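To start, the structure under review is shown below, and the notes come after it.
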Amino acid sequence: MTSETRPQTPPKPRRTLLATKGLVKSFGNFQVLRKLDLSVREGQVYGFLGRNGAGKTTTIQILMGIQRPDHGSIAYFGEQRRAPRVSDKQHIGYVSQEQFFYPWMSCRNLGQFVSRFYPNWDMAYFARLLDLFSLPSKRKVVNLSQGMRVKLALALALAHRPKILILDEPTAGLDPAARREFLDIVNDQAERDHRTTLFSSHIVEEVERIADRVGILREGSLCFQGSPEQLALEVRQIVLPDPLRPDAAQRLKALRRDAGHAGFHVLHENARNGSLVMRAQPDQWQQWLQGRSETQVKLSLEDIFLALTVDRGLRL
Ligand SMILES: Nc1ncnc2c1ncn2[C@@H]1O[C@H](COP(=O)(O)OP(=O)(O)OP(=O)(O)O)[C@@H](O)[C@H]1O
């Protein structure tokens, strides 16, 4: 049998390593998470996007067992739980938003200290990571810059070869060069070691650089979860053919009405340039666009993120 006649085996579906179901969390009367369903599959770099205060850290702290959800459950490596067990956490590498280390320890001492918590800790690998990240192993934490501390946190999170790496806005406080360097390291890790990564950020450009799956958090649940390509097929901007004609406002209104009838969700309207940003399934778009004279404008991931998460006053 030649390779052409050999029956093709379908690609193996990727295992879901982490999934939340119906997570609810309130602080007093303020409900931060409202039935959050999120899933991260093996080998993916998942960009967890949300505006300031959307609930990213709360979600990650629940995943790490630092906070308890009011309702809902989490599946760690296929096992349903209310909170992670120590054995689950031993397979998770976690870098929090802020790093708290004993300042008097050197990088190497800190590695020795943390190693006791992880049966899979690989000291030779940790030494290699320090080298790779240009961290002097004998330098004390107190004498490290912010960028070096974040890289040290990443080395500590990786040295036990976790099944999943969870990064909570790790680049906050880094200058553009340090941020770029950090993202490149995360990207290399993901590519070389197929490291599954959940990466939270409110900076769309960061997520765009490294994520192959995106979850967008709005009002306590995900308003989108899928690939950036799928997102660009769902959310598009259309512009009237001649937006400066005096009847543009009526035509825009008619367009909006048509779109509403066709089941589209209008996210933004800009009367100044005669455009609408709308959301629909790709096949709805295909049908709707047939024979129409409006032009489509490709939106950046940042524009799409803003259209989905900001209600009014934005000019897209
Ligand atoms: N312990 C707490 N008590 C009361 N409110 C809290 C507590 N922790 C978080 N919140 C509130 O919950 C909301 C979500 O906070 P969270 O830190 O999860 O958001 P975030 O998406 O990570 O934001 P950022 O991008 O600014 O870090 C915010 O309004 C925050 O003030």
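The analysis underlying the following values was restricted to heavy atoms, covering all of them including side chains, and did not include hydrogens, waters or symmetry mates. Keep in mind that this is a model prediction, so the values were computed, not measured. Whatever order the structure lists ligands and atoms in, that order sets their numbers, starting from 1.
With hydrogens and angles ignored, the 3.5 Å screen pairs no side-chain donor or acceptor of Asp193 with any backbone N or O of Arg195.
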For ligand 1, list all ligand N or O to protein N or O distances below 3.5 Å, rounded to 0.1 Å.
unit_1, atom_1, unit_2, atom_2, d
ligand 1, 18 (O), Thr57, N, 3.4
ligand 1, 18 (O), Thr58, N, 2.9
ligand 1, 18 (O), Thr58, OG1, 2.6
ligand 1, 19 (O), Gly55, N, 3.2
ligand 1, 21 (O), Ala54, N, 3.1
ligand 1, 21 (O), Gly55, N, 2.9
ligand 1, 21 (O), Lys56, N, 2.9
ligand 1, 21 (O), Lys56, NZ, 2.9
ligand 1, 22 (O), Thr57, N, 2.9
ligand 1, 22 (O), Thr57, OG1, 2.8
ligand 1, 23 (O), Gly53, N, 2.8
ligand 1, 25 (O), Asn52, ND2, 3.3
ligand 1, 25 (O), Lys56, NZ, 2.8
ligand 1, 25 (O), Glu169, OE2, 2.7
ligand 1, 26 (O), Asn52, ND2, 3.0
ligand 1, 26 (O), Gly53, N, 3.4
ligand 1, 27 (O), Gln97, NE2, 3.1
ligand 1, 27 (O), Glu169, OE2, 3.1

*May I have the step-by-step check of side-chain contact (heavy atoms from CB on, under 4.5 Å) for Gln90 and Asn120, ending in yes or no?*
CA-CA 8 Å; Gln90 285 172 336; Asn120 290 342; over 6 Å; no
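Between Leu38 and Thr20, some side-chain heavy-atom pair lies under the 4.5 Å cut-off.
Take Lys56 and apply the salt bridge (charged side-chain N to carboxylate O under 4.0 Å, His left out) test, not counting sequence neighbours, and it matches Glu169.
Ring orientation note: the planes of His160 and Trp121 are close to parallel, at an angle under 30° on the 30°/60° scale.
Atom CD of Gln287 is surrounded by 12 or fewer heavy atoms from other residues, nucleotides or ligands within 6.0 Å.
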